[in-house]
Visitor: 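Take this structure first; my questions come after.
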Amino acid sequence: MTQLIGFIPSARTLWLLAGGGAFATIFAIFIPIPQRIGVAIAMTLAWYLVIILLAGIDAWRSKADRVEVSREPLGKLSIGRDNPVTLTIRASQNNSNARQFSYQICDGVPQDLAATPPLISGQLEKGHSQTASYTVHPYRRGEYEWQGIQVRQSSRWGLAWHQWRVNAAQTVVVYPDLIGLKSLSIRLALQSTGAMRQVRKRGMGTEFSELREYNSGDDPRSIDWKATARRNRPLIRVLEPEQEQTVIILLDRGRLMTANIQGYKRFDLGLNATLSLALTAIQRGDRVGVGVFDRYLTTWIPPQQGQKHFSNILDRVSRIQPELLEPDYLGAVTTILKQQSRRALVVVITDIIDDIASAELLTALGRLTPRYLPFCVTLRDPQVDIRARELGTDLAGAYTQSVALDLIQQRELAFANLKRKGVLVLDAPATQISDRLVDRYVQIKSRNQL
């Protein structure tokens, strides 16, 4: 369904108007002075009227030549990614002297999702069709309303742009980084089939995998003497990390997670990391549970296995937003202790200021040892690192650098305190936290720390 808006003059029409006015002025020079001004004005107005009338007729006749513009259905968009949007343009089959049309299209993208490029231009021959694409880069999750599509098309004589709107309103939801999760899923699948498998370290796990012949450099402690005696050649036991372990991920949605880092909320980056870790652990055969908390444990998804469980996690956490509330770390950990009896890797994704401000977090994580393996993951603001490295050229710059250095030192003291209590620590730039966390989890599994 389309809605007519009108037409606007083309560059050709503007040049004709200007040229007619100039010609009338020059022609009036040869007219006697008393009539000169009146003749010039009359000729200019007549010329303007003719050109505008012709442009209007041209635009009206071009209604029959309208191109058909449609937007392919928008699926789930990913935060922090360039999401492609595709438009289809079909030229009319109607009889027309014009063999080729120029067009300009501006889609009704929400203001918070700037399109790149904002205007799509092109040319299309009569009876043909083509597609055009642009991208949107969301910085916030949530629902967004796409409006209609603004279309401009050149007229048959090129005197005007025929302009109208295509009604194509649509509600679209921006999710966490689904594109990144898809890429991660493919990478994990390739690794599991061996297409991208690195050389595996032998004897690093606890579960028996296979027997193979002893090679130079293998650990003699891995030799299976019974199998060696039966087959009259040295064989070693290949061990792999234990499967079906439990991973609990606790995501803080409190005050510190509302801060903006390079255009994104810290919580959104933490949510991407949560889903990346959950996907990796499920692909590795582990049971995964996810909790989101502020003053209370507001969301709890008990540990399970399988892709269906990951889909449930994604649906449950995708619309959660951070709140300006102080998180209750001790309460969240205590709730988990009551519901999870078997040993598990407990990952708390949050941020730390210093020992004093994060005293409750330090106490809560300390309670998890030695029965569980606590893992504190913090999302560092890269701007603090930049400020700490910049040498101040004036008093304000020196003060900024001093504050940044002090913040880093206080964080390091808090991390040192956690490590002394047996807590694993990962402090990484917030925009890199997902990849760093996945790599660290794989390292924990390969070292059989859980």
Side-chain angles (χ1 to χ4, degrees), residues 1-15 52-79 81-175 178-179:
M1 183 177 181
T2 59
Q3 176 183 352
L4 177 63
I5 293 180
F7 76 94
I8 57 176
S10 67
R12 179 181 298 178
T13 298
L14 297 178
W15 277 110
I52 292 174
L53 181 62
L54 289 175
I57 294 173
D58 191 23
W60 181 80
R61 292 177 67 240
S62 298
K63 288 176 59 177
D65 300 325
R66 279 182 179 175
V67 295
E68 298 178 5
V69 181
S70 60
R71 182 195 310 123
E72 290 190 4
L74 296 170
K76 298 176 180 178
L77 302 185
S78 295
I79 187 173
R81 297 281 183 167
D82 289 331
N83 297 264
V85 180
T86 302
L87 302 175
T88 301
I89 306 103
R90 295 182 177 85
S92 171
Q93 294 280 3
N94 294 329
N95 293 329
S96 171
N97 294 327
R99 296 289 303 172
Q100 193 175 60
F101 302 96
S102 297
Y103 63 82
Q104 296 178 345
I105 299 174
C106 182
D107 202 354
V109 180
Q111 290 184 353
D112 293 339
L113 305 179
T116 305
L119 183 68
I120 296 174
S121 302
Q123 291 185 329
L124 190 62
E125 293 185 359
K126 182 176 66 175
H128 289 71
S129 64
Q130 61 184 219
T131 59
S133 298
Y134 65 92
T135 61
V136 292
H137 191 104
Y139 286 89
R140 297 285 186 274
R141 288 176 298 111
E143 290 188 353
Y144 293 88
E145 296 292 335
W146 251 257
Q147 303 302 318
I149 305 172
Q150 296 276 2
V151 184
R152 286 180 183 175
Q153 180 179 329
S154 60
S155 59
R156 298 182 182 183
W157 300 334
L159 297 177
W161 287 95
H162 178 47
Q163 180 173 280
W164 72 97
R165 181 197 298 271
V166 177
N167 293 329
Q170 183 179 356
T171 301
V172 181
V173 179
V174 175
Y175 279 76
L178 301 180
I179 295 176

Visitor: Counting N and O atoms only, with roles assigned by atom type, does the side chain of T86 sit under 3.5 Å from a partner on the main chain of E72, one being a donor and the other an acceptor?
Guide: no
Visitor: Considering non-hydrogen atoms only, spot the tightest contact between V172 and W146 and give its length.
Guide: CG2-CE3, 3.7 Å
Visitor: Rounded to the nearest 0.5 Å, what's the gap from OG on S78 to CZ on R141? Could you check?
Guide: 12.0 Å
Visitor: Quick one: pull up CZ in R152 and CD1 in I105 and give me the separation to the nearest 0.5 Å.
Guide: 12.0 Å
Visitor: Atom CZ of F101 and atom CZ of R156: how far apart are they, to the nearest 0.5 Å?
Guide: 7.0 Å
Visitor: Measuring only between side-chain heavy atoms, which start at C-beta, is S154 closer than 4.5 Å to W161?
Guide: yes
Visitor: Pick from L87, I120, N167: which one makes a side chain to side chain contact (heavy atoms under 4.5 Å, CB included) with I149?
Guide: L87
Visitor: Taking all non-hydrogen atoms of both residues into account, name the closest pair between R12 and W157 and its distance.
Guide: NH1-O, 2.6 Å
Visitor: Provide the closest heavy-atom pair for R140 versus V174 in the form atom of the first, atom of the second, distance.
Guide: O-CG1, 3.3 Å
Visitor: Could you state the interatomic distance from CD (Q163) to CD (Q104), rounded to the nearest 0.5 Å?
Guide: 9.0 Å
Visitor: Between P138 and N83, what is the shortest heavy-atom contact and its length?
Guide: CD-ND2, 3.3 Å
Visitor: First locate atom CG of L159, then atom CG of L54, and finally report the distance between them rounded to the nearest 0.5 Å.
Guide: 6.5 Å
Visitor: Between CZ of R81 and OG1 of T135, what distance do you get to the nearest 0.5 Å?
Guide: 13.0 Å
Visitor: Within the structure provided, determine whether S70 and R90 are in side-chain contact (heavy-atom separation under 4.5 Å).
Guide: yes
Visitor: For residues 107-118, please give each side-chain donor-acceptor pair under 3.5 Å, one per line with the distance, not counting sequence neighbours.
Guide:
residue	atom	partner	partner atom	Å
D107	OD1	R71	NH2	2.8
D107	OD2	R71	NE	2.9
D107	OD2	Y134	OH	2.5

